[in-house]
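From a predicted model like this one, the values you see are computed outputs, not experimental measurements. Here is how names work: the chains are called A, B, and so on, in the same order as the sequence lines, proteins then strands, and each is numbered from 1.
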Amino acid sequence: MLPLLRAWRHRALVAALTRRELAARYRGGVLGYFWSLVNPLLLLAVYATVFRLVFTPRADVHPYALFLFIGVLAWGFVSSALIDAAETFRANGPLLRKTTVAPEVFPAAAVGARLSHLLLALPVLAAAIVFAAVRGSVSPGPSALAFPAVLLLLSLTVFGLALAISSLAVHFADVRDVIANLLTLAFFLTPVLYPAASVPERYRGLLRANPFAAYFAALHDCLFFFRPIPAAEWAWMAATAAVSLAGGAAIFERLRDSIAEEA
Amino acid sequence: MDGRRGDSGTRGRGEGNVAIQVTGVTKLYRRYGRRHTVGTLKSALLSGMGKGALAPDASVPAIVDLTFGVVPGEMVGVVGANGSGKSTLLKLLAGIVRPTAGAVEVRGRLAALLELGAGFHPEISGRENIEINGLLLGLTRRQIAARFDEIVRFAEIEEFLDAPVKTYSSGMAVRLGFSIAAHSDPDVLLVDEVLAVGDEAFSHRCLEKFAEFERAGKTILVVSHDLGLIAERCRRAIWLDRGRLCADGPAKETVALYRERVAREEGGRRLEAARETPDASAPPPQRIGSGQALVEEVRLLDGAGNPAGRISSGEPAALEMRVRAVAPLSDFVFGFAVSTVSGTSVFGSNTDIDGLRPAEFAGQGRVTLEIPAFALAPGVYSLDVAAHARDGAPYDYRRDVLRFEVTADRAVPGVWNPLRRWRFDGAIRWKA
């Protein structure tokens with residue numbers, strides 16, 4: 001867990017690097033903030049159209065567009081943070097080689113920047129929920145209050161994976177491609193497009209093996225179905241976060257010394 | 001887990017009055033030859049991701065069993081050839097790399113200027129970059145805010161504060177980088193060859209800042225190829241040779257010892273490169289050749305034809321050698337080659353290159369190469385001369401036979417200082 005503690009100790013730097021990421025991305029675009037919404041909105045439009053016109057969504061996920069929006073936003077965070085993590089040490093090579101910066105701040109900032117994108121999109125999500133509620137499609141309840149906790153656990157899981165991916169990417173040139181392919185696969189194995197409940201009983205165990213499945217089921221629970229997240233799911237998410245952080249930290253620590261030399 | 005890179009300001013727990021203590025330090029750089037430094041995950045998995053998958057194939061020593069200490073308030077210069085381990089030493093002290101063996105202790109807040117502006121992001125403003133750089137140097141946001149105006153003033157970038165750093169000139173970026181580091185209030189400052197970049201006026205301000213640090217009892221370690229700077233400004237200098245401590249003492253003495261060695265060794269290596277049949281192994285001698293012809297005296301002449309050790313940049317000058325043929329020759333070439341003292345080739349030509357076809361050379365002679373405008377940048381240069389056959393077989397090759405200085409009103413980076421004129425079209429105006 002040392003990398004997490006160090007990233008926390010250097011949180012002002014992590015925050016500044018995160019802001020730098022955001023600022024550099026939005027600089028030169030008048031519609032800066034707008035662009036962070038375009039990608040999820042576009043994906044949402046495509047999925048909603050395809051799945052409503054071509055496939056018939058299950059009756060229990062109405063309105064389907066809102067259901068999709070939650071998953072697509074969260075998956076956007078997970079996938080882009082992990083891809084960015086694979087590139088972060090190479091992108092920051094000069095800093096690593098020439099300054100005394102603690103290397104864990106870079107994966108932390110990569111995750112932080114993508115998390116910020118998600119947070120910036122939340123007002124739109126909130127508006128969509130309110131809109132659906134006014135139309136009587138969903139009935140928001142206090143279970144939505146669990147959302148920050150789910151997001152925190154998800155972020156810790158992503159950070160643990162980012163630690164492992166970023167340090168491995170220094171040594172292996174194809175880590176980014178491996179991750180990109182795994183993420184494509186994981187997208188369909190995660191309840192983003194479909195509710196976890198629609199997975200046939202005998203494949204539930206398989207779904208369990210996907211560390212992200214529980215998070216997306218929980219996100220749908222608290223923001224779409226507005227029902228409490230079962231205690232077993234909480235335990236599973238906490239365990240995933242702990243294992244991801246411990247494993248990521250162990251790999252990172254093992255490769256830490258070579259990061260500045262190889263990046 | 002102590003003294004890790006990136007851990008806050010104070011590192012080490014040394015006893016007594018030292019700012020830097022290096023004890024028996026060896027640093028091996030790992031070489032991943034089998035995988036050409038970056039392999040693929042696929043190949044690692046296919047070849048069995050065992051214990052050995054991430055193990056290096058071979059190690060290259062950068063620092064070997066190095067021990068020295070520095071007391072607070074000392075300004076110490078580090079000299080040595082390229083690849084002697086100077087930069088690795090600074091990286092070890094900065095905690096960027098860890099020693100393979102031995103211990104490094106640095107007491108107090110450390111600031112390392114290993115590359116000015118290393119932390120600048122080109123797309124964001126100077127203002128935002130100051131904050132990130134300050135945080136990288138270990139300042140808190142409050143401290144950065146308190147010193148912000150002073151940093152900007154020292155760097156002289158007031159008007160460009162909110163422009164992206166990519167619009168800065170390299171001089172501006174250098175000034176800003178130094179200013180942030182200088183205002184991070186370090187107890188120990190590590191500086192790697194960064195003063196070579198800025199203009200002269202700024203270099204002076206940097207040196208003043210160093211003097212101020214010294215008076216305040218701060219410790220400064222400077223790596224530089226500018227031996228004059230080290231001899232003049234540092235009290236003490238350390239000479240590293242292939243990772244080992246070669247000399248450690250008063251700066252002037254260490255620099256003199258080092259200069260002596262450079263004159264002996266580097267001169268040899270340089271001409272080696274100019275030779276047509278390079279011999280890769282042992283360093284070649286200072287003078288080689290069959291002796292059928294001899295180069296007897298070499299002089300640099302100023303515009304008036306008087307021997308000079310120093311030439312103003314852009315003024316006329318001439319290179320001259322007195323030569324003697326032991327027996328009459330019909331195949332001969334005369335040549336001069338100028339390089340910097342650190343070995344960068346600057347100019348070289350010979351009678352063959354310039355299209356002169358030899359007929360006869362007997363007895364004594366004098367060869368003069370006149371240069372109407374000696375347009376080298378200010379600095380110290382080394383001259384090699386040769387008399388050889390057209391196929392390159394040397395009669396007399398003399399390396400580093402003469403050193404001379406080129407002076408100018410202002411410093412110019414690089415080696416070329418051509419006559420030049422600026423022209424502007426459009427609405428560009430300058431103050432009178």
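Atoms CZ and CG, on A:Arg11 and B:Leu135 in that order, are 11.5 Å from each other to the nearest 0.5 Å. Here CG of A:Leu95 is found 10.0 Å from CD1 of B:Ile96. Values are rounded to the nearest 0.5 Å. To the nearest 0.5 angstrom, B:Leu137 atom CG is 10.5 Å from A:Leu13 atom CG. From A:Glu21, atom CD reaches atom NE2 of B:His121 across 6.5 Å, with rounding to the nearest 0.5 Å. Atom CD1 in B:Ile132 sits 7.5 Å away from atom CZ in A:Arg19 (nearest 0.5 Å).
No more than 12 heavy-atom neighbours from other residues, nucleotides or ligands sit within 6.0 angstrom of CH2 on A:Trp236. Annotation for B:Arg141: atom CZ does not count as buried by contact number, only 12 or fewer foreign heavy atoms lying within 6.0 Å.
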